[in-house]
Engineer: 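Input: one structure, supplied below.
In the text below, chain A, chain B and the rest are named by the order of the sequence lines, each starting its count at 1. When reading the values below, keep in mind they use all heavy atoms of this one structure, side chains included, and skip hydrogens, waters and symmetry mates.
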Protein chains: 2
Amino acid sequence: MISKKTKYALKALIYLAREFDKGPILIADLARDERIPKKFLELILLTLKNNGILQSRKGKGGGYYLGKSPKEISMGNVIRLLEGPLAPVPCVSETAYAKCEECLDERTCGIRLMMKDVRDAIAKILDGTTLADVLERTARAEQQEKGVLHYYI
Amino acid sequence: MISKKTKYALKALIYLAREFDKGPILIADLARDERIPKKFLELILLTLKNNGILQSRKGKGGGYYLGKSPKEISMGNVIRLLEGPLAPVPCVSETAYAKCEECLDERTCGIRLMMKDVRDAIAKILDGTTLADVLERTARAEQQEKGVLHYYI
DNA sequence: AGTTTAGCCTATCGGTTTAATAGGGTTATG
DNA sequence: CATAACCCTATTAAACCGATAGGCTAAACT
């Protein structure tokens, strides 16, 4: 299960994507609208900024905004920043490989082979989905909901 | 990342599968051979037993053994017992659904739609892999290693 | 220049989870 | 009936999570 921190980050990014090209957004506004503890959100936005996902401006009229287009921000990238590697065991991670201490022979470990499949499946989806894709799916689902509502009323 | 507890469980199951139909195995032997803290292993084997994966016999000549054939033990089942739901967010879990507190409209949440894909991909692999499959992949990898070794010697 | 605004940074805290240990209790078998 | 071996509850230390506190720094407007 992913942490609240990561969920907050994703919600913040979606919020900022919706306001893309409309100038900086205040932490306070974002926190209020998405019901995220302000001080906690500060830390999250800061790490996103330090990793090139976001940019910021200080002082009056400042705030946070996307550092690049929603099409260039992959969910895999964001989740790795906040949650760590996608792999279920360190010995199959592509971005943060580490030997499993308790493993005797990594090359013939059956668990590892299975977990590699799992990691690849997760990475394929998360690295292949951009912030723009998430927005689009949301918009499509909203359209569909409206259609269903109309039908029943 | 999965916990040590789950890794220990998987190693223990593989060990017991190798000794399938050869009578009960002592916790102490398993702990020694797989380098798992004995008391910790006791708890793990107990929960596996309480969930029908293992069986045990008490008293002299006792020990643990598989409750069913390796072909009937799915990795998904085992991992869920020790690690909890496979889903990355509770709102897409099939076995332990729960509403995400912070979610305003679940039906149109783009994150949820993406996470559902992730869950399905993970579940497809883990529920589709049995203990017997893991043993077989290990055996195959060992054969290949031997072949490579032979070639180089 | 000075003041306000708003992000930047470090430290801390209570609560929960993880990994491991302790210490007996219970049950079946020889 | 003694003993081997599993069964069960409680406790611990360390790590992590979610959240908060409090000041620092930089930018902008007057």
Engineer: Expressed in angstrom and rounded to an integer, what is the separation of Leu41(B) atom CG from dT21(C) atom C1'?
Structural biologist: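 Answer to the nearest Å: 14 Å.
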Engineer: What integer distance in Å separates Gln55(A):CD from dA27(D):C1'?
Structural biologist: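 To the nearest whole Å, that distance equals 16 Å.
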Engineer: If only side-chain N and O atoms of Lys49(A) are considered, is one of them under 4.0 Å from the OP1 or OP2 phosphate oxygen of dC8(C)?
Structural biologist: yes
Engineer: Name the residue closer to the 5' end of DNA chain C, choosing between Gly61(A) and Asn50(A) according to the nucleotide with the nearest heavy atom.
Structural biologist: Gly61(A)
Engineer: Using a strict threshold of under 4.0 Å (side-chain N to carboxylate O), is an ion pair present between Arg137(A) and Asp117(B)?
Structural biologist: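 Counted as a salt bridge, because a side-chain N and a carboxylate O are separated by less than 4.0 Å.
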Engineer: Quick one: is Tyr8(B) getting a side-chain N or O under 4.0 Å of the dA19(C) phosphate, OP1 or OP2?
Structural biologist: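 It does not, given that no N or O in the side chain of Tyr8(B) lies less than 4.0 Å from OP1 or OP2 of dA19(C).
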Engineer: Roughly how many Å is it from CD1 in Ile44(A) to C1' in dG7(C), rounded to a whole number?
Structural biologist: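 My rounded result for the distance is 15 Å.
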Engineer: Mind checking Ile36(B) for me? I need base, sugar-phosphate or nothing, with any heavy atom below 4.0 Å counting as a touch.
Structural biologist: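 It contacts nothing in the nucleic acid.
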Engineer: When you get a sec, tell me which of dC6(D), dA19(D), dT29(C) is the closest nucleotide to the side chain of Lys4(A)?
Structural biologist: dA19(D)
Engineer: Roughly, in whole Å, what's the span from CG in Leu54(B) to C1' in dC7(D)?
Structural biologist: 14 Å
Engineer: Could you state the CD-P distance from Glu42(A) to dC24(D), rounded to the nearest angstrom?
Structural biologist: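 Interatomic distance, CD of Glu42(A) to P of dC24(D): 16 Å.
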Engineer: Take the protein atom CZ of Phe40(B) and the nucleotide atom P of dT17(C), then report the distance between them rounded to whole Å.
Structural biologist: 15 Å
Engineer: If you compare all heavy atoms of Asp133(B) against all heavy atoms of Gly128(B), which two are closest, and at what distance to 0.1 Å?
Structural biologist: OD2-O, 3.7 Å
Engineer: Can you check whether Ser56(A) has a side-chain N or O nearer than 4.0 Å to OP1 or OP2 of dC8(C)?
Structural biologist: yes
Engineer: For the side chain of Lys60(A), starting at C-beta, report the closest nucleotide among dG7(C), dA28(D), dA21(D).
Structural biologist: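 It is dA28(D).
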Engineer: Among the candidates dA28(D), dA5(D), dG7(C), find the nucleotide nearest to the side-chain atoms of Arg57(A).
Structural biologist: dA28(D)
Engineer: Nearest 0.5 angstrom please: Thr138(B) OG1 to Gln143(B) CD, how far?
Structural biologist: 12.5 Å
Engineer: Of all the nucleotides listed (dC7(D), dG7(C), dC9(C)), which has the minimum atom distance to the side chain of Tyr64(A)?
Structural biologist: dG7(C)
Engineer: According to a 4.5 Å side-chain heavy-atom criterion applied to Ile, Leu, Val, Met, Phe, Trp and Tyr, with indirect links allowed, do Met115(A) and Leu113(A) form part of one hydrophobic cluster?
Structural biologist: no
Engineer: Which nucleotide sits closest to the side chain of Ile27(A): dT21(C), dA5(D), dG7(C)?
Structural biologist: dG7(C)
Engineer: Mapping Lys5(A) and Gly59(A) to their closest nucleotides on DNA chain D, which lands nearer the 5' end?
Structural biologist: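 Nearer the 5' end of the strand: Lys5(A).
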Engineer: What is the distance, rounded to the nearest whole Å, between atom CD of Glu83(A) and atom P of dC16(D)?
Structural biologist: 13 Å
Engineer: Both Lys39(A) and Thr6(A) contact DNA chain D. Which one's nearest nucleotide lies toward the 5' end?
Structural biologist: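 Taking each residue's closest nucleotide, the earlier one in sequence belongs to Thr6(A).
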Engineer: To the nearest angstrom, how far is Tyr65(B) atom OH from dC6(D) atom P?
Structural biologist: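 Result: 12 Å.
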Engineer: Nearest to the side chain of Leu43(B), heavy atoms from C-beta on, is which of dA19(C), dG7(C), dT9(D)?
Structural biologist: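 Looking only at side-chain atoms, Leu43(B) lies closest to dT9(D).
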Engineer: Is there a donor in the side chain of Glu83(A) and an acceptor in the side chain of Ser3(A), or the other way round, less than 3.5 Å apart?
Structural biologist: yes
Engineer: Kindly say if Ser3(B) contacts the phosphate of dT17(C), meaning a side-chain N or O under 4.0 Å from OP1 or OP2.
Structural biologist: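 Answer no for this pair, as no side-chain N or O of Ser3(B) is under 4.0 Å from OP1 or OP2.
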Engineer: To the nearest 0.5 Å, what is the distance between CG (Leu45(B)) and OH (Tyr65(B))?
Structural biologist: 13.5 Å
